[in-house]
Amino acid sequence: MSGTLSRKSKVKRASTAASMVCLLGGLANLAASSAVNADSPDWVQLSKNDSLAIFERSHPGCPIKEIRAVGAIDAPNWVVKNVIDGVEDYPSFMPYTTATRIIERKLNQIISYFRLDPPFVGARDITVSVSSQTQKHEDGTTSYQLHWEPVNSRGPNPSPGVTRITLDQGSWNLDPADGGKKTIATYTILTDCGGGLPSFVINFANRQGVENLFSAIRKQIGITKYSQSRPAE
């Protein structure tokens with residue numbers, strides 16, 4: 001019995017650590033996503049509460065599920081975008097992020113390197129390209145769409161003992177709500193966290209990770225610097 005409990009505990013701890021790798025791989029990148037269609041047969045709702053709804057869908061030939069989360073954030077969407085764009089700050093508020101580096105920053109593109117050091121699953125890293133676009137609405141508000149994909153060839157060479165993440169793609173859609181005072185955020189991600197883990201652990205980690213991701217952003221938006229200036233459009 002003690003051996004069984006020990007194994008279960010290790011799996012749970014590895015899943016928790018992996019969830020942070022997966023969400024950071026996604027958050028560390030950013031992306032553009034269409035709004036969730038709850039009636040779509042492709043997406044299956046996993047959970048829903050007052051602050052977040054989580055969906056998943058399968059891809060033929062891929063054991064990893066794509067995850068989508070939709071939730072309200074109590075801040076204007078341009079403030080939320082500032083938090084997401086501020087990759088330099090990730091080591092200060094995102095667990096297990098030990099290093100970030102901006103390789104290139106343009107008006108509508110950011111290429112960044114991320115090093116993650118979670119326990120149990122080992123060090124991971126990735127370089128990603130984030131592209132963004134905006135959509136103006138008749139009421140004067142703006143939606144932000146961001147899309148990310150790996151571009152490891154633009155970053156540092158692989159390091160011994162560090163697992164390189166190669167499957168990590170997804171999106172953010174930040175729509176205005178309540179006259180622009182709040183945000184409806186849609187986050188979509190498909191990642192294997194760098195592999196080396198059973199698919200059921202990765203799928204569990206991805207589901208858990210999006211909850212931690214939204215929680216981290218909701219805490220970070222209270223810092224004054226993110227609301228001092230709007231992103232360039």
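In this text the structure is predicted, and so the values were computed from the model without any measurement. The basis for the numbers below is simple: all heavy atoms, side chains too, and nothing from hydrogens, waters or symmetry mates. In what follows, residues are counted from 1 in the order of the sequence shown.
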Short side-chain to backbone donor-acceptor contact, Asp74 and Lys182, under 3.5 Å | no
Who pairs with Pro63 by side-chain contact (heavy atoms from CB on, under 4.5 Å), at least two apart in sequence or on another chain?
-> Ser199
Please check if the side chain of Asn173 supplies one atom and the backbone of Gln145 the other of a donor-acceptor pair under 3.5 Å.
-> no
Is it true that a side-chain atom of Asn77 and a backbone atom of Leu174 form a donor plus acceptor pair closer than 3.5 Å?
-> yes
Look at the side chain of Thr191 and the backbone N and O of Leu167, then say whether any donor-acceptor pair between them is shorter than 3.5 Å.
-> yes
Side-chain (Arg115) to main-chain (Val162) donor-acceptor, under 3.5 angstrom | no
Taking all non-hydrogen atoms of both residues, which atom of Trp78 and which atom of Gln228 are closest, and how far apart?
-> CZ3-N, 4.5 Å
Could you grab the distance from atom CZ of Arg101 to atom CD1 of Ile103, nearest 0.5 Å is fine?
-> 6.0 Å
Please, which pairs that meet ring pair (Phe, Tyr, Trp, His ring centres under 6.0 Å) have at least one residue in residues 209-233, sequence neighbours excluded?
-> Trp172-Phe214
Excluding sequence neighbours, so at least two apart, what forms side-chain contact (heavy atoms from CB on, under 4.5 Å) with Glu211?
-> Leu52, Ile54
Result for side-chain hydrogen bond (donor to acceptor under 3.5 Å, both in side chains) between Thr188 and one of His147, Arg68, Arg57 points to Arg68
Distance (rounded to the nearest 0.5 Å) between Thr163 OG1 and Asp125 CG = 8.5 Å
Short side-chain to backbone donor-acceptor contact, Asp139 and Gly179, under 3.5 Å | no
Might you confirm whether atom CG of Asp50 has over 12 heavy atoms from other residues, nucleotides or ligands at distances under 6.0 Å?
-> no
Taking the six-membered ring for Trp, is the centroid-to-centroid distance between Trp148 and Tyr187 below 6.0 Å?
-> yes
